Amino acid sequence: MTTDSAALRIRVRFFARFAEVVGREAIDLRVAAPATVADVLAEMRRACPPTDVVPAKPLCARNLSQVSLEEPVADGDELALLPPLAGG
Amino acid sequence: MTTDSAALRIRVRFFARFAEVVGREAIDLRVAAPATVADVLAEMRRACPPTDVVPAKPLCARNLSQVSLEEPVADGDELALLPPLAGG
Amino acid sequence: MAFLSEAPLELGPLMAEVQAPDRGGVACFVGTVRDHHAGRGVIGLAYSAYAEMAETECERIVAEAEGRWPVRVALRHRLGELSVGEAAVAIAVASAHREEAFAACRWVIEELKRRVPIWKRERYADGTEAWVDPSAQGGTASLRGGKPG
Amino acid sequence: MAFLSEAPLELGPLMAEVQAPDRGGVACFVGTVRDHHAGRGVIGLAYSAYAEMAETECERIVAEAEGRWPVRVALRHRLGELSVGEAAVAIAVASAHREEAFAACRWVIEELKRRVPIWKRERYADGTEAWVDPSAQGGTASLRGGKPG
């Protein structure tokens, strides 16, 4: 994990089954800029090992909107990892 | 109008605009057997002239079911002449 | 007189009629009196029916829908004088699956309009009245009051 | 928190929200908790959400539906503990024409299921629980209680 000035601060949030298995609702990460959602996930798996419950390509939302893993992230972003939706 | 033993007694009912323009809700007719709905309508136009409001080929129900003008009628039948339906 | 009602319609009791623990989806339709028709202001209307046939036809429609889809159907049509905004027809269809509930609900309202002998006499803001003819140009068959019949 | 509700849902207020004198057709959908899922007896469930995003996504769905059809849409989703038969979601769509009300209502429930971050944890008659995964074989992602996770 980098701490230089080019690092992006990203909050990763877990919900439902992910939160239950990981045992927490959020972690704060720093990733080197530029970075994509996939880069944040890679850093998450390195920094926070009990995240195996998160599949290789989870449904992700960046700042309240669903995004692909190729989506760039910016400093201060909130990245939510969404288990399969079951509303309705 | 016949009155012999082979005559079929048919009650013709009017509804909504038809009843309003004809000025009555039902008339009782006798038609010679065998007869179809069309035969009853012809007898109605002869016996009850103010039925011009009824179109040449009205929507008809025989004993509560829609029927074509070619449908045979039987003694005691109720034949309803239905203005354009407007429910719902 | 199960399907025709002189009293105001309420959807809640219809939904309660069809819901069950194994039917998780309920599709409903309520048709209310609009304030205009064919460009004219409507202030109210009266529904009348060939009651015996209308009841029979509604019963057939419900039975046919329940035979065609795995659904339960409840249906009511109002008769008498209605004001703008009041419910003229209410339908509730419950099923284990929403696709079937929607399909059956849609079918029931179309069949009702096509088959059930109910007539509508509208009263207009200009003081006239007319029998509504959905198949006619302009939507009405005859006028009374301010305009010649 | 306009679209998510911890309190029981009622369709009446939603219908009142969307009805107007020029919108004569109201199509509704209510989804209730079923007593079985994937062959197992369900005794209750809990809905949870990513609330900020769920509210935003519901708002977008309503706006998109109202942009795509000439309709007004009201939508609520329940959160928290629900018993069998309770309403999980309620939708009311009003339009001048029933075709559009039905089409929009149908679209809204599909989009809600596809896009709104809400999760369901079912409790079964055999004492187990599971997170529901509609995309999974068997319909659940994990078990707790009587069976291993």
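Below, read A as the first sequence line, B as the second, and so on, with proteins coming before strands; counting in each chain starts at 1. This structure is a prediction, so every number in the text was calculated from the model and none was measured.
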Under 3.5 Å side-chain donor-acceptor pair for C/Tyr50 and C/Glu52: no

Under 4.5 Å to a heavy atom of chain B? For C/Ala49 that would be backbone

Can a donor-acceptor pair be found, under 3.5 Å and without considering hydrogens, that links the side chain of C/Glu66 to the backbone of C/Val73? yes

Sort C/Tyr47 into side chain, backbone, both or neither according to what part of it lies under 4.5 angstrom from a heavy atom of chain B. side chain

Is there a side-chain contact between C/Val108 and C/Val62 (heavy atoms, below 4.5 Å)? no

Salt-bridge contact C/Glu81-C/Arg123 (side-chain N to carboxylate O under 4.0 Å): yes

Turns out that what part of C/Glu57 lies under 4.5 Å from chain B's heavy atoms comes down to side chain

Given the options C/Lys113, C/Lys120, C/Arg114, which has more heavy-atom pairs under 4.5 Å with chain B than any of the others? C/Lys113

